[in-house]
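What follows is a single structure, written as structure tokens, with notes after it.
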Amino acid sequence: MEPIDDDEPLDSPADSLALIARERANLVRDIAPDPRWMYWPWGFAWLFGFGLLFLRFGPDGRVFVDLPAWLPLTVLALLLITAGVITGVVGARSALQTRGPSSRQGLMYGLTWSIAFFGLSTLFAQFGDLLPDEKAALLWAGGMVALAGALHMAGGAIWNDRQLFILGAWTSLTNVAGIFAGPGWHSLIVATAGGGGMLLFGLVGRPRSR
Amino acid sequence: MTDGTELDPVIHAQARLRVVSALSVLREEDRVTFPRLQDSLRMTAGNLSVHLRKLEDAGYVEVTKTHQGRTPATFVRLTRRGRLAFEEYQEALRALLNPSSSLEETS
């Protein structure tokens, strides 16, 4: 679209209302972080990370693909760290476009994720040696996914965003189903339902205009 | 202020209507940086400055110059008065539009 530097009024009220709607949608889209950058890194991390876990540590100790035992968790950890860095940078860059209560809210929400995950992993690290490997893995994965689901639901409540709330509820409930299904199945469910949910959310969450 | 037939001259100009429309997205007390606003509106910096000054004179926007670290940063927000004027302007537009559109529907 060409730049308009016009001091004249528009001819018709309908055109004016359309102009108002367009400029509002443009600024909404320009100041919000692109949901693809905020959700796809996590969706891919869950899909591939937990997917590898499922293939190597399947239900009832089955091995679908004979990968080195260290590989799936290492890949998952690296993908999660990458996702954390990407969303941190994209979120911070977006927050610098505005100043005021909304950007403070965003900062607090971002810090909540970091601090909450730090707290939960500190707790879980105490139990790593006490539980059999399978159960320890389920504790870590189930706990972290439950926290992610809860924070997405809280985000939905904070910004009155129904889609984000649904993503959180979906993540939480499929996580519970996976925990009941047991080790192995949990990885598969988190990879497909959880990871897939975030990939889908990144796609539909984008405001459209221009 | 408006009786549905007269439109606020300050924001009747297309460029200023665009500025106020974009700013109306922000929640009260939220500000946006000048470069982001300029980018979103696809205006030149000079042109945006001119229109912001007119809006500022009318008390519709507030322009704050501050610093982000060492670099100077300019933030813009819509004042309560600006928001009210914008809402009334929209009401006036709808009032102008509605009689004709209801006639079209009945014909």
Side-chain angles (χ1 to χ4, degrees), chain A residues 1-35 37 89-110 155 157-161 205-210, chain B residues 4 7-9 11-44 46-48 50-51 54 64 66 68-69 71 73-78 86-87 89-101:
Chain A
M1 188 172 175
E2 289 179 11
I4 313 159
D5 289 346
D6 201 346
D7 213 6
E8 293 295 307
L10 287 170
D11 294 335
S12 95
D15 288 348
S16 297
L17 287 170
L19 183 81
I20 289 168
R22 194 165 65 236
E23 295 302 350
R24 284 176 58 87
N26 282 345
L27 195 71
V28 166
R29 204 225 16 230
D30 288 343
I31 59 176
D34 188 333
W37 281 107
V89 170
V90 172
R93 279 178 55 176
S94 155
L96 288 174
Q97 312 283 341
T98 61
R99 179 172 289 189
S102 296
S103 68
R104 278 198 297 278
Q105 259 184 309
L107 177 66
M108 286 190 273
Y109 184 66
I158 293 165
W159 287 288
N160 195 21
D161 183 337
R206 180 162 173 74
R208 274 170 275 284
S209 185
R210 199 170 282 176
Chain B
L7 291 164
D8 187 335
I11 50 180
H12 197 39
Q14 193 183 332
R16 290 196 288 281
L17 178 60
R18 293 172 63 225
V19 173
V20 170
S21 301
L23 289 176
S24 72
V25 163
L26 301 172
R27 281 171 27 188
E28 219 170 327
E29 301 302 323
D30 277 346
R31 301 157 196 277
V32 64
T33 61
F34 184 97
R36 171 43 81 204
L37 181 64
Q38 184 201 333
D39 198 43
S40 187
L41 291 168
R42 305 168 307 284
M43 283 184 181
T44 63
N47 194 41
L48 179 56
V50 167
H51 290 297
K54 286 183 185 166
T64 325
T66 173
Q68 272 185 341
T71 47
T74 303
F75 288 87
V76 187
R77 70 175 267 263
L78 195 63
F86 175 66
E87 278 162 18
Y89 187 83
Q90 275 183 297
E91 288 301 314
L93 286 177
R94 290 198 195 97
L96 284 172
L97 200 59
N98 270 343
S100 58
S101 68

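Within every chain, numbering begins at 1; the chains are lettered A, B, ... in the order of the sequence lines, protein sequences first and strands thereafter. In this text, all values refer to a predicted model and were calculated from it rather than measured experimentally.
- Contact of B:Ile11 with chain A is not made at all, since no heavy-atom distance falls under 4.5 Å.
- In this structure, the portion of B:Arg27 lying under 4.5 Å from any heavy atom of chain A is its side chain and not its backbone.
- Chain A forms more heavy-atom pairs under 4.5 Å with one residue of B:Glu29, B:Arg31, B:Gln90, B:Arg94 than with any other, namely B:Arg31.
- Neither the backbone nor the side chain of B:Thr64 comes within less than 4.5 Å of any heavy atom in chain A.
- Of the residues B:Thr33, B:Val32, B:Asp30, B:Leu37, the one that meets the side chain to side chain contact (heavy atoms under 4.5 Å, CB included) test with A:Ile31 is B:Val32.
- When all heavy atoms of A:Ile20 and B:Phe86 are compared, the pair lying nearest together is CG2-CZ, 3.5 Å.
- Between atom CZ of residue B:Arg77 and atom CZ of residue A:Arg99 there is a gap of 14.0 Å, rounded to the nearest 0.5 Å.
- Within the model, atoms CD of A:Glu23 and OG of B:Ser40 stand 6.5 Å from one another, a figure rounded to the nearest 0.5 Å.
- Here A:Ser12 contributes atom OG and B:Leu97 contributes atom CG; the two are 7.5 Å apart, rounded to the nearest 0.5 Å.
- Interface check for chain B: of the options A:Ser102, A:Gly100, A:Ser103, the most heavy-atom pairs under 4.5 Å are formed by A:Ser102.
- Rounded to the nearest 0.5 Å, atoms CG (B:Leu23) and CG (A:Leu27) are 7.0 Å apart.
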